[in-house]
Amino acid sequence: MSAVTLPRLHWGPTDSDRRALLVHGLGSSAHTMWRVAESLADAGWSVDAVDLRGHGDAPRTSSYRIEEFAADLATTHPRGATDTPGSGDAHPATQRGTWNLVVAHSIGGAATVVAAAAHPRWAERLVLLDPALHANEQARDAIRHRQLAAKDAITIESATAENPHWHPLDVELRVRAVHAASRFALEHAVLDNPDWDALPHLPHLTQPTLVIAGDPDRGALFAGDLATHALAANPLIEQRIVPGGHNVHRDAPGYTLDAMHDWLADF
């Protein structure tokens, strides 16, 4: 299936030479990345956040393979880009078609790994927020059940009760994003990925990569043997653990943003 053009929101100065792309997770939207976007924009970054296919205002499609999410991302470039990053390294990383940073959550993190491994010049650095890099049958069933249950019943009241420590705007935008997402997309992002596994792509990453992970007892996915395997796959990957669950940017925003900015300060 051909890649689709993803709608985007923007924060920060449009003429900054530091350009970041934000990628949400399943059942979310560009709007739900607002806190990361504001933090980067306040630090002088030009920030775009996209709606993935089947989410927000993005095109609806018949298939939702992780590789297709990745293809959409790989054809998403900074505003004003005049070139298209390929798989080689013949051009400098500072070219206009390259993101200086991609921050991605959950399945968006898996798609970002696939895109970045295939197209090294697409991004210079990656921050993965509790990425959903692998899901076995049991995990996929649980993801599908949670997504469809939310689609059918989520309200401001239920989302607040489930996440009492979230900022009210996170609650509001979570509910709006679930209602805006295609039910078909939420279901088929699981059904179309029986081989949900971005781990084989990790050794091919050439970008310094930070994984910000949460507490598995609170639903974080990047933990245990999976985390051990991922960190051993590539010396460019490192990890920070924050006291949140799967939604680290909403569960523990201060810790998450501090970890991101501290890591970026080294570049």
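Keep in mind the model is a prediction, meaning the values are calculated, not measured.
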Could you see if [X] belongs to whatever hydrophobic cluster contains [Y]? Use Ile, Leu, Val, Met, Phe, Trp, Tyr and a side-chain cutoff under 4.5 Å.
X: Leu128; Y: Leu26; value: yes
X: Leu52; Y: Trp122; value: yes
X: Leu231; Y: Leu133; value: yes
X: Val36; Y: Val102; value: no
X: Leu129; Y: Leu226; value: no

Judged by atom type as modelled, is there a donor-acceptor pair below 3.5 Å linking the side chain of [X] to the main-chain atoms of [Y]?
X: His145; Y: Gln147; answer: no
X: Asn193; Y: Ile66; answer: yes
X: Ser158; Y: Ile154; answer: no
X: Thr75; Y: Asp72; answer: yes
X: Trp11; Y: Ala49; answer: no
X: Thr32; Y: Ser28; answer: no
X: His134; Y: Ala198; answer: no
X: Asp51; Y: Ala30; answer: yes
X: Asn234; Y: Leu205; answer: yes
X: Arg140; Y: Ala135; answer: yes

Do the non-hydrogen side-chain atoms of [X] and [Y] ever get within less than 4.5 Å of each other?
X: Leu186; Y: Tyr64; result: no
X: Val50; Y: Leu73; result: yes
X: Val23; Y: Val103; result: no
X: Thr14; Y: His10; result: yes
X: Arg53; Y: Phe69; result: yes

Tell me, yes or no, whether the heavy-atom count around Glu38 atom CD, taken from other residues, nucleotides or ligands under 6.0 Å, exceeds 12.
yes

Are more than 12 heavy atoms from other residues, nucleotides or ligands located less than 6.0 Å from atom CG of Asn136?
yes

Using distance only, find each side-chain donor-acceptor pair of residues 257-267 under 3.5 Å and give its atom names and separation, not counting sequence neighbours.
unit_1: His261; atom_1: NE2; unit_2: Ser39; atom_2: OG; d: 2.7
unit_1: Trp263; atom_1: NE1; unit_2: Glu238; atom_2: OE2; d: 3.0

Rounded distance (nearest 0.5 Å) linking atom [atom1] of [X] with atom [atom2] of [Y]:
X: Gln138; Y: Ile143; atom1: CD; atom2: CD1; answer: 11.0 Å
X: Leu21; Y: Ser46; atom1: CG; atom2: OG; answer: 10.5 Å
X: Arg79; Y: Asp15; atom1: CZ; atom2: CG; answer: 13.0 Å

Going by distance alone, is a donor N or O of one side chain under 3.5 Å from an acceptor N or O of the other, for Thr98 and Arg121?
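Looking only at side-chain atoms, Arg121 and Thr98 do not form any donor-acceptor pair under 3.5 Å.
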
Sequence neighbours excluded, which residues qualify as ring pair (Phe, Tyr, Trp, His ring centres under 6.0 Å) partners of His31?
none

Can you name the residues that form a ring pair (Phe, Tyr, Trp, His ring centres under 6.0 Å) with His24, not counting sequence neighbours?
His55

Report the C-alpha distance between His246 and His105 in whole Å, list the side-chain angles of each, state the deciding distance to 0.1 Å, and finish with yes or no for ring-ring contact (aromatic ring centres under 6.0 Å, His included).
CA-CA 9 Å; His246 177 54; His105 176 235; 4.6 Å; yes

NZ/NE/NH1/NH2 to OD/OE distance under 4.0 Å, [X] and [Y]:
X: Asp170; Y: Arg250; value: no
X: Asp141; Y: Arg146; value: no
X: Asp48; Y: Arg8; value: yes

Side-chain donor-acceptor contacts of residues 173-180 below 3.5 Å, not counting sequence neighbours, with atom names and distances?
unit_1: Arg174; atom_1: NH1; unit_2: Gly27; atom_2: O; d: 3.3
unit_1: Arg176; atom_1: NH2; unit_2: Glu172; atom_2: OE2; d: 3.4

Under the side chain to side chain contact (heavy atoms under 4.5 Å, CB included) rule, what do Arg19 and Val47 come out as? Steps first, then yes or no, please.
CA-CA 6 Å; Arg19 304 176 303 277; Val47 184; over 6 Å; no

Over all heavy atoms of both residues, which pair between Ser106 and Gly25 is shortest? Give the atoms and the distance, please.
CB-CA, 4.0 Å

Identify all side-chain donor-acceptor contacts of residues 207-222 below 3.5 Å with residues at least two apart in sequence or on another chain.
unit_1: Gln207; atom_1: NE2; unit_2: Ala116; atom_2: O; d: 3.2
unit_1: Gln207; atom_1: NE2; unit_2: Pro120; atom_2: O; d: 3.3
unit_1: Gln207; atom_1: NE2; unit_2: Ala123; atom_2: O; d: 3.4
unit_1: Thr209; atom_1: OG1; unit_2: Gln207; atom_2: O; d: 2.9
unit_1: Asp215; atom_1: OD1; unit_2: Asp217; atom_2: N; d: 2.8
unit_1: Arg218; atom_1: NH1; unit_2: Pro243; atom_2: O; d: 2.9

Salt bridge (charged side-chain N to carboxylate O under 4.0 Å, His left out) involving Asp251 - partner list, sequence neighbours excluded
none

Working for side chain to side chain contact (heavy atoms under 4.5 Å, CB included), residues Leu101 and Trp45:
CA-CA 10 Å; Leu101 173 67; Trp45 289 75; 3.6 Å; yes

How are the rings of Trp34 and His167 set to each other: parallel, tilted or perpendicular (split at 30° and 60°)?
perpendicular

Quick one, Glu68 with Thr61, criterion side chain to side chain contact (heavy atoms under 4.5 Å, CB included). Give me CA distance, side-chain angles, the key distance, then yes/no.
CA-CA 10 Å; Glu68 292 166 332; Thr61 62; 5.8 Å; no

